[in-house]
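Report on the following structure.
Small disclaimer: the values here were computed from a predicted structure and weren't measured. All ligand and atom numbering here is 1-based and tracks the order in the structure.
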Amino acid sequence: MGSTNRLKLGLFGANCSSGRAVTTVPERWSGSWPDCLRLAQMADRAGIEFMLPIGRWKGYGGATDYQGATLETVTWACGLLAKTERLTVFGTVHAPLIPPLIAAKEFVTADHIGSGRFGLNLVCGWNEGEFEMFGATLRDHEARYAYAQEWLDVVKLAWSPAEDFDFAGDFFNLRGVRAKPKPYGDTRPLIMNAGASPTGQAFAVRNCDALFSTISHGISFEETARQVAKVKALARQSDREIHVYTVGVVTCRATAREAMDYYRHCIVENADWDAVDEILAMRNITRQTHSLVEFQRLRDHQANGMGGLPLVGDPDTVARELRQLAAAGLTGIAVSFVNYLDELPYFCAEVLPRLARSELREQPGAL
Ligand SMILES: Cc1cc2nc3c(=O)[nH]c(=O)nc-3n(C[C@H](O)[C@H](O)[C@H](O)COP(=O)(O)O)c2cc1C
């Protein structure tokens, strides 16, 4: 992603209503196009490296129909790329829901619009209800990644200088494929994946430039560093290099007390608990399958940014925690806020200069 910053920053989930905060507070994120565009332009000016959308087709219900209104990610990326200058914008694409050659051409189009700034987040799917909407079947876990492998092989071939090619695999049988133009400037879009299982991570190591990995709340610095080192070592075994990123949820205020109060207000007192329970039930996490204590822990975690790492505190605390993530070997983090547009200016004014003083980033540009 076009910066030399040692810790890259992105914004995660802005294409969805409520973003990543499962809350009913009225200032929750709209996910509307005008708000997304203002946010992208603000992020671009500040030197934030990327925006990562969520590929979501069906809301999670609850009082807010959490993530019920979502902008399709590749068309969203095209719009944002046309109106920004430096930002990398990802499209998050469910491989099983779109033929690879259509997808490859969409990505190339987005990449040309953004002069090489489009990135692909490849997802295999994990919500059955969404697949039913398409009349598609969610394959079993291993087969999902076998399918994604062929799908991505086809996409990469379509991007390659190859003139015409055939492809014969278990899932695709293609003849005389011709795909022009090629990606912008003789490169190819960045590819990321967020597999959490060994199969998902092995897929990322084989195919992707970046793996997005969630860090469980409470996990130690040493354990995080070990996880990052393990993924990188796996990649090196195959002569590849992979960057590891994570996702975080920022509540940053002038004092620790104010930050904690706002966090509690949004994420505990006014969480959309019906939506939270719906999300957990899809993963078979219910009061019946888990002890009450564990169930409540998972509910709290889910309400706060769908399980992203909570970064709650004053600017010194948030900057310190971000420094620790960089020291653990992470290349970057995609963050979310309850309301991105309201909260990003304070983050840029207070946290980014602290990261610059630690030589993790350049000073932010004026918003
Ligand atoms: C940062 C991040 C972004 C993700 N984005 C999406 C998404 O937009 N749509 C989706 O269906 N799954 C998404 N996922 C789910 C992953 O692609 C993956 O399926 C999940 O982490 C489970 O890992 P596994 O497939 O290896 O079991 C995301 C996960 C993470 C951590």
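Between F107 and F90, the ring centre distance reaches or exceeds 6.0 Å. Aromatic ring centres of F50 and Y245 lie closer together than 6.0 Å. Ring-centre distance between F12 and F212: not below the 6.0 Å cut-off.
Formation of a donor-acceptor pair under 3.5 Å by the D209 side chain with backbone atoms of I191 is found in this model.
Taking the charged nitrogens against the carboxylate oxygens, E130 and R56 do have a contact shorter than 4.0 Å, which makes a salt bridge.
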List the atom pairs, donor and acceptor, that lie under 3.5 Å between side-chain atoms in residues 254-262 and the rest of the protein, sequence neighbours left out.
{"from": "T255", "atom 1": "OG1", "to": "E258", "atom 2": "N", "distance (Å)": "3.0"}
{"from": "T255", "atom 1": "OG1", "to": "E258", "atom 2": "OE2", "distance (Å)": "3.2"}
{"from": "Y262", "atom 1": "OH", "to": "E27", "atom 2": "OE2", "distance (Å)": "2.6"}

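Sorted by chain and number, the heavy-atom contacts of ligand 1 below 4.0 Å come from F12, I54, G55, T92, H94, N121, V123, W126, H141, Y145, A194, G195, A196, S197, G200, F212, T214, V247.
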